[in-house]
Amino acid sequence: MNTLLEETYEKLGISKEVYEFGQKIEEELKPRFEEIDARAEMNQMKVISAMQKNRVSAECFQMSSGYGYNDLGRDTLEKVYADCFKGEDALVRPQITCGTHALALALMSNLRPGDELLSPVGKPYDTLEEVIGIRPSKGSLAEYGVTYAQVDLLEDGGFDFEGIKNAINERTKLVTIQRSKGYATRPTLSVDRIGELIAFIKNIKPDVICMVDNCYGEFVEEKEPLEVGADMIVGSLIKNPGGGLAPIGGYIVGKKECVENAAYRLTSPGLGKEVGASLGVIQSFYQGLFLAPTVVSGALKGAIFAANIYEKLGFAVVPNGTESRHDIIQAVTFNDPEKMIAFCEGIQAAAPVDSYVTPEPWAMPGYDSDVIMAAGAFVQGSSIELSADGPVKPPYAVYFQGGLTWYHAKLGILMSLQKLYERNLVKIDPVC
Ligand SMILES: *Cc1c(COP(=O)(O)O)cnc(C)c1O
């Protein structure tokens, strides 16, 4: 037993009971952590290889301003992303403000009035409801005459193949597949399952564009969705691929035509990828991508640790303590606002930044109920950094994710448990 470590945790406010409970769980997870490390090693080699192939050099880190013509760093980074994620082309820009923007851009640039968008995996991420027009919003796809169809997953989480087949029609132009569960309690889709779904859809309608919302999925597996038939993957740089260093940004990688359409929409018809200054953030994009496989591995360990801790304490967790992982999100259902809030306070109290503030529920733009968010991040709202959030409504589920290092994720989870323990909201059984 490492008493010095225990003392250090104690100084941070972690009691002996909570610490010992955590150590016991961690010990049991050693074999799984080894698997995660092996996957991170594979993905690290993939990133390095893409950087070497595209001759990344110190010149790539220079700042461009104004129109940003001939920005070597920007153009090379897009080639690196294309190679790393196995696409023909990529758009990776600080002008893409977040994940929702990247997804809206990919949809709005590849759909035309009269087309139909299909989600064969149920309701998409909350913020996309306004993009699509499921909830009326200015500038939605619905306002431009793009219709939307949805086929829910079956009770057991499987694809409703019959329903999907019936939903595909002559107007179906683009299919959106969300890899991660987001704010739902369905399982996350593995890359293999996404491949199976795409094969089924392309068999019915070969020219349909299959887009994957790849948020939170990057580098969790050895394969990415473009390797199983997706035409386009979309994500945020303040999640996995930014490695915690990118201060803003989003990406679209895939078929040349899809990416081109997005570029002409992001800037302007006629301009496309040729403009868009990188304003000095480009080095963080490279360095973040370089670190991303390791950062994602730490976040994954944190998610698995949290699942096992809270499962042992009797809470419903998705994924459960033993199942395989396809994103970095961990849902814990508390069925009690007090417990949910205590959990979030613990995550906040463990942060390197803003540890002294108390998170409170608020009406966040894009969401239809109050949301509580705990994050003490270097980059505002970055959810590759240790964070927890969830809509304050039944079943009072918290979505926990991130951690730039495993050790910080561990402290966060221990601190969340500490808050519940101190308020007598959980009992820790010392024998288990
Ligand atoms: C985070 C997320 C988004 C939206 O990204 P923001 O950067 O928050 O706008 C979309 N889809 C999924 C699955 C996400 O996890």
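This one's a predicted model, so the numbers in the text were calculated from it and none came from an experiment. Counting starts at 1 for both ligands and their atoms, in listed order.
Counting only heavy atoms of the protein, atom 4 (C) of ligand 1 lies nearest to T100 OG1, 3.4 Å.
When only interatomic distances are considered, the shortest N/O to N/O separation between D213 and ligand 1 falls below 3.5 Å. Note: an N/O pair closer than 3.5 Å links G99 and ligand 1 by distance alone.
For residues 272-301, every residue pair satisfying the ring-ring contact (aromatic ring centres under 6.0 Å, His included) rule, not counting sequence neighbours, is listed here: F61-Y286. For residues 236-271, every residue pair satisfying the ring-ring contact (aromatic ring centres under 6.0 Å, His included) rule, not counting sequence neighbours, is listed here: Y81-Y251, F85-Y251.
Here the CG atom belonging to N169 is positioned 11.5 Å from the CD1 atom belonging to I204, to the nearest 0.5 angstrom.
If you number the atoms of ligand 1 from 1 as listed, the ones under 4.0 Å from a heavy atom of Y216 come out as 15 (O). Annotation for ligand 1: atoms under 4.0 Å from non-hydrogen atoms of Q178 are 13 (C). Counting the atoms of ligand 1 from 1 in the order shown, those under 4.0 Å from a heavy atom of K239 are 1 (C), 2 (C), 3 (C), 4 (C), 5 (O), 14 (C), 15 (O).
Taking 4.0 Å as the cut-off between side-chain N and carboxylate O, K273 and E78 count as a salt-bridged pair. A salt bridge does not link D231 with K256: none of the charged nitrogens is closer than 4.0 Å to a carboxylate oxygen.
The shell of residues lying under 4.0 angstrom from ligand 1, judged by heavy atoms, excludes K181.
By the criterion of a heavy-atom distance under 4.0 Å, the side chain of L103, and not its backbone, is placed next to ligand 1.
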Determine, step by step, whether F334 and F343 satisfy the side-chain contact (heavy atoms from CB on, under 4.5 Å) criterion, reporting the C-alpha distance in whole Å, the side-chain angles of both residues, the deciding distance to 0.1 Å, and the verdict. CA-CA 9 Å; F334 287 105; F343 179 97; 3.5 Å; yes
